[in-house]
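To start, the structure under review is shown below, and the notes come after it.
All chains are named by letter (A, B, ...) in the order of the sequence lines, taking the proteins before the strands, and each is independently numbered beginning at 1.
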Number of protein chains: 2
Amino acid sequence: MTRTGERTTVTSDAVLDSALTLFAALGYHGTALSQIAGALEVRTPSLYNHMRSKHDLLLTIVRRTVTGVLDDFTAATDGLTDPRDRLLAATRAYALRHATHRREAIVVNRDTSSLDEPHRSEMQALRRTHDHALRAIIEEGVAAGRFSIDSPALGSFAIREMCVSVARWFRDDGPMTAEQVAEEYTGFALRIVGAE
Amino acid sequence: MTRTGERTTVTSDAVLDSALTLFAALGYHGTALSQIAGALEVRTPSLYNHMRSKHDLLLTIVRRTVTGVLDDFTAATDGLTDPRDRLLAATRAYALRHATHRREAIVVNRDTSSLDEPHRSEMQALRRTHDHALRAIIEEGVAAGRFSIDSPALGSFAIREMCVSVARWFRDDGPMTAEQVAEEYTGFALRIVGAE
DNA sequence: CCTACCGATCGGTAGG
DNA sequence: CCTACCGATCGGTAGG
């Protein structure tokens, strides 16, 4: 973000962005505020002009991300009624998000449990909302006779985590674009539920 | 492990087991040696009679686990030549391990990156060996015309991470046994590669 | 197995 | 935005 020698005013967004990068790379407990400050070329106490606490940084990152996931899901599936269309749209949106928001996904998955209560429970509840929405699509597809799968719950877990893992290996300079990866994973999801 | 009031001699295995539980729950950087000592009802310095350092505890856990994964893979696929049989056996073993060694899987996946060099690179190389072996099975299946999948690499990622995620939600007292889960996931893997 | 203690570093505050 | 500094806690050691 900030290049050596440049004079850039630190903003809340810049602090969050540096925190995101470092939390993703080193973990929440593995990152010191002095490292975030160092990345922004300021002293640690200066950070407190742009944030409340280290914990609040994590909370903001997690809240924005899980909210974004739910918004993505709603936008992608809104208006669709066919279970196959809905699963396809939900999987594409989820896989795409994990290719385009890698740091956020890594932090949410690794460090949500480091949040203090009641925030931890609140964020986990939001994540569960998405889980249930995805599972509901599969159950509807099974009920409608469009999908063929023994356990919708296990299928839901498998599809979700397969998408989440994209954040761990995807590279912007790799051989496939985020859209291409999302397309492939959508195909995997349809195969898992026996939709083809 | 140690119940209140009982007099139990602490062993290296007991220290490793407590470390495993706490690292899995709180993360390597989120766990203090004082907590491991507390779980064993001794003072922190006493731990040093049974370990070299906190880092060495993590290294031991990671090394044993990744070695175990490779041994599992070899034992499961040894003697099998049919790509479908090999993928089935490899997936079953991998999923089963993640249901039966949940703590180990969580620690390896979250905290291998906290290892010091050269250990970090060594452990990551061992993990990559398994990744490549799994991918090779899919590539052989495609080459033999037995599997139908656009990208063996992506399919390999998807199958692997789907199995890894079992460690995050499986419960011994849940509705399915580890074997039943492994069986379902094996079915998902075969569907992903288009083997049926 | 313990008490006593080490230097280092942590997140955060005072005060300007 | 800074320097100076706080109490707490960290992993680890000395010495018995």
Next item on the list: Take the protein atom CG of B:Leu22 and the nucleotide atom P of D:dG11, then report the distance between them rounded to whole Å.
Entry: 12 Å
Checklist line | Interatomic distance, B:Glu41 CD vs C:dC2 C1' [rounded to whole Å] | finding: 16 Å
Margin query: Rounding to an integer number of Å, can you tell me how far B:Tyr28 OH sits from D:dC10 C1'?
Written below: 12 Å
For residues 129-137 of chain A, which side-chain N or O atoms pair as donor and acceptor with protein atoms under 3.5 Å away, sequence neighbours left out?
unit_1   : atom_1 : unit_2   : atom_2 : d
A:Thr129 : OG1    : A:Ala125 : O      : 3.0
A:Asp131 : OD1    : A:Arg160 : NE     : 3.2

Give me, pair by pair, the N or O atoms of the protein and of nucleotides 12-16 of chain D that are less than 3.5 Å apart, along with how far apart they are.
unit_1 : atom_1 : unit_2  : atom_2 : d
D:dG12 : OP2    : B:Tyr48 : OH     : 2.8
D:dG12 : OP2    : B:Lys54 : N      : 3.0
D:dG12 : O5'    : B:Tyr48 : OH     : 3.1

Note to self: Are A:His29 and A:Ser114 packed together at the side-chain level, in the sense that at least one heavy-atom pair is separated by less than 4.5 angstrom?
What the structure shows: yes
Margin query: Of the listed nucleotides (D:dG11, D:dT3, C:dC1), which one gets closest to any side-chain atom of B:Thr9?
Written below: C:dC1
Notebook entry, point to check: Do A:Val181 and B:Ile192 belong together in a cluster built from hydrophobic side chains that touch within less than 4.5 Å?
Noted result: yes
Note to self: With salt bridge (Lys or Arg N to Asp or Glu O under 4.0 Å) as the rule and sequence neighbours excluded, what pairs involving residues 61-81 of chain B come up?
What the structure shows: B:Arg63-B:Glu122, B:Asp72-B:Arg97
Margin query: It should be established whether A:Arg43 places a side-chain nitrogen or oxygen under 4.0 Å from OP1 or OP2 of nucleotide D:dC1.
Written below: no
Notebook entry, point to check: Taking atom types as modelled, is there a side-chain donor on A:Thr21 or A:Arg103 under 3.5 Å from an acceptor on the other?
Noted result: yes
Check: Taking B:Asp17 for the side chain and B:Asp13 for the main chain, is one N or O donor matched with an acceptor at less than 3.5 Å?
Finding: no
Note to self: When you compare the side chains of A:Arg120 and A:Ser113, does any donor N or O come within less than 3.5 Å of an acceptor on the partner?
What the structure shows: no
Check: Under a single-linkage definition using a 4.5 Å side-chain heavy-atom cutoff for Ile, Leu, Val, Met, Phe, Trp and Tyr, are B:Leu87 and B:Val69 assigned to the same hydrophobic cluster?
Finding: no
Margin query: Short of 4.0 Å, heavy atom to strand atom, which residues of residues 107-116 of chain B count as contacting DNA chain D?
Written below: none
Checklist line | Interatomic distance where CG belongs to B:Leu40 and C1' belongs to C:dC2 [whole Å] | finding: 16 Å
Item checked: Min side-chain heavy-atom separation B:Tyr185-A:Leu154 under 4.5 Å -> yes
Note to self: Measure CG/A:Leu47 against P/C:dC10 and give the value in whole Å, please.
What the structure shows: 13 Å
Margin query: Heavy atoms from C-beta onward define the side chain here; which of C:dC1, D:dG11, D:dC1 lies closest to that of B:Val10?
Written below: C:dC1
Checklist line | Intra- and interstrand pairs of DNA chain C - dot-bracket, Watson-Crick/G-U under 3.5 Å, | marks other strand | finding: ||||||||||||||||
Margin query: Ignoring hydrogens, what is the shortest heavy-atom contact between B:Gln180 and B:Pro175? Give both atom names and the distance.
Written below: OE1-O, 4.1 Å
Margin query: I need the full list of salt bridge (Lys or Arg N to Asp or Glu O under 4.0 Å) pairs touching residues 168-182 of chain B, with sequence neighbours left out, sorted by first then second residue.
Written below: A:Glu161-B:Arg168
Notebook entry, point to check: Among D:dC1, C:dT3, D:dG11, which is the nearest nucleotide to the side chain of A:His50?
Noted result: D:dC1
